[in-house]
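Some notes on the structure that comes next.
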Amino acid sequence: MSKPDGYIEIRFGPRWKYISPARVFIQNFIAIALSDQAKADAIAMATSELLENAVKYGASEDTHCIVQAFPETGVIQASVTNHATEQGAREVQALYNKIMSGDPLEAYIVQMREAATRTDGKSQLGLARIRYETSADVKLDVTPDHKVTITIIVK
């Protein structure tokens, strides 16, 4: 991939109050960078989902988000990174493997059905929703020290 025309980088502690302003900022950045409101809305939703998960399940005070715009190709790449517990890292890896296998719509429907029967308050819909609604390439990287990075690429 070529060098981005523009990018934003956001870092904050695990605070819910920062997610909504970050979403609006990301949405406006993409809308300006690509002149594509639909893509801006989709990426803002997806990044917001990832930020919510980072805040909810993170094991550190640092949530890191980078959004890059490639206007010449219309590609947007967004990454969210945080540290998880060992168990959290295993759980996100297992969920990712499950959601990435098969058809995006089928995976989303399966997750919605499971969410309806869960009693632990966790829907686990975010990745399935992102994959289905944005048609994004979704990549997961988990390091040995449990740093979790989820990257979405929307073309």
Side-chain angles (χ1 to χ4, degrees), residues 1-12 14 18-20 22-60 62-84 88-115 122-155:
M1 197 176 310
S2 62
K3 187 175 177 180
D5 185 54
Y7 74 95
I8 55 174
E9 187 170 356
I10 303 168
R11 288 179 108 81
F12 57 85
Y18 298 139
I19 294 171
S20 181
R23 179 182 179 144
V24 170
F25 183 61
I26 291 165
Q27 188 173 26
N28 289 332
F29 168 75
I30 296 166
I32 291 167
L34 296 184
S35 301
D36 186 336
Q37 191 63 51
K39 192 174 278 189
D41 294 345
I43 294 290
M45 173 282 297
T47 306
S48 178
E49 287 275 355
L50 295 175
L51 289 170
E52 287 176 13
N53 287 342
V55 168
K56 188 185 302 183
Y57 301 114
S60 72
D62 188 30
T63 300
H64 184 207
C65 175
I66 298 175
V67 179
Q68 300 175 80
F70 300 87
E72 69 281 355
T73 60
V75 171
I76 295 289
Q77 180 173 307
S79 297
V80 174
T81 302
N82 71 311
H83 278 85
R90 279 195 313 266
E91 288 175 4
V92 76
Q93 183 71 62
L95 181 62
Y96 174 84
N97 292 344
K98 177 182 172 186
I99 289 170
M100 294 310 291
S101 65
D103 179 72
L105 177 58
E106 287 178 23
Y108 191 27
I109 290 170
V110 166
Q111 286 307 114
M112 284 191 284
R113 286 185 182 137
E114 288 181 15
K122 298 177 182 179
S123 72
Q124 295 190 328
L125 284 172
L127 284 177
R129 179 181 183 203
I130 290 167
R131 183 172 178 233
Y132 172 67
E133 290 186 12
T134 66
S135 300
D137 292 332
V138 182
K139 301 186 183 318
L140 172 68
D141 180 53
V142 180
T143 65
D145 66 342
H146 317 301
K147 183 170 81 171
V148 175
T149 300
I150 297 177
T151 301
I152 59 171
I153 301 168
V154 178
K155 299 174 182 164

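This structure is a prediction, so every number in the text was calculated from the model and none was measured. This chain uses plain numbering: 1 for the first residue, then up along the sequence.
Inter-residue side-chain proximity for V67 and Y7 is flagged as unmet; no heavy-atom pair is nearer than 4.5 Å. The side-chain heavy atoms of F70 and E72, taken from C-beta on, include a pair separated by under 4.5 Å. Residues I153 and I76 have side chains not in contact (no heavy-atom distance under 4.5 Å, counting atoms from C-beta outward). By the 4.5 Å heavy-atom criterion applied to side chains, V55 and Y18 are not counted as neighbours. Using a 4.5 Å heavy-atom threshold, the side chains of R113 and I109 count as touching. Residues Q27 and D41 form a side-chain contact, since some pair of their non-hydrogen atoms from C-beta on lies under 4.5 Å apart. Between D145 and H83 there is a side-chain heavy-atom pair separated by less than 4.5 Å. For the pair V138 and L127, the minimum side-chain heavy-atom distance is below 4.5 Å.
Residue S101 comes nearest to R131 through the heavy atom pair O-NH1, 4.3 Å, listed as atom of the first residue, atom of the second, then distance. When every heavy atom of G88 is checked against every heavy atom of A84, the shortest pair comes out as C-CB, 4.2 Å. Between V92 and L140, the closest heavy-atom pair is O-CD2, 4.0 Å. Summarising the geometry of Y96 relative to K139, their closest heavy-atom pair is OH-CA, 3.6 Å, with the distance given to 0.1 Å. G74 approaches L34 most closely through the heavy-atom pair O-CD1, 3.8 Å. Smallest separation of non-hydrogen atoms from N82 and G58: ND2-CA, 3.0 Å.
The number of heavy atoms from other shown groups lying within 6.0 Å of OH (Y57) is above 12. Applying the 6.0 Å contact sphere to OH of Y132 captures no more than 12 heavy atoms from other residues, nucleotides or ligands. Annotation: K147, atom NZ; neighbour count of heavy atoms from other residues, nucleotides and ligands within 6.0 Å does not exceed 12.
Judged by distance alone, the side chain of E52 and the main-chain N or O of I19 form no donor-acceptor pair under 3.5 Å. Judged by distance alone, the side chain of T47 and the main-chain N or O of A44 form no donor-acceptor pair under 3.5 Å.
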(Q) Determine whether Y108 and E106 satisfy the following criterion, side-chain contact (heavy atoms from CB on, under 4.5 Å), listing intermediate values before the conclusion. (A) CA-CA 5 Å; Y108 191 27; E106 287 178 23; over 6 Å; no

Q) So N53 and E49, side-chain hydrogen bond (donor to acceptor under 3.5 Å, both in side chains) or not? Walk me through it. A) CA-CA 6 Å; N53 287 342; E49 287 275 355; 5.2 Å; no

Q: Could you please spell out the steps behind the side-chain contact (heavy atoms from CB on, under 4.5 Å) verdict for C65 and I26?
A: CA-CA 10 Å; C65 175; I26 291 165; 4.1 Å; yes

Q: Give the intermediate values and the outcome of side-chain contact (heavy atoms from CB on, under 4.5 Å) for residues E114 and V110.
A: CA-CA 6 Å; E114 288 181 15; V110 166; 3.6 Å; yes

Q) Passes side-chain contact (heavy atoms from CB on, under 4.5 Å), I43 versus I152? Steps please. A) CA-CA 9 Å; I43 294 290; I152 59 171; 4.2 Å; yes

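Looking at R129 and E133, a side-chain N of the basic residue comes within less than 4.0 Å of a carboxylate O on the acidic one, giving a salt bridge. A salt bridge links K155 and D137; the closest N-O separation between the charged side-chain nitrogens and carboxylate oxygens is under 4.0 Å.
To the nearest 0.5 Å, atom CD1 of residue I8 and atom CZ of residue F25 are 4.5 Å apart. Atom CG of L95 and atom CG of L125 lie 9.5 Å apart (nearest 0.5 Å). Rounding to the nearest 0.5 Å places CD1 of I30 at 9.5 Å from CG of D36. Here L50 contributes atom CG and I150 contributes atom CD1; the two are 5.5 Å apart, rounded to the nearest 0.5 Å.
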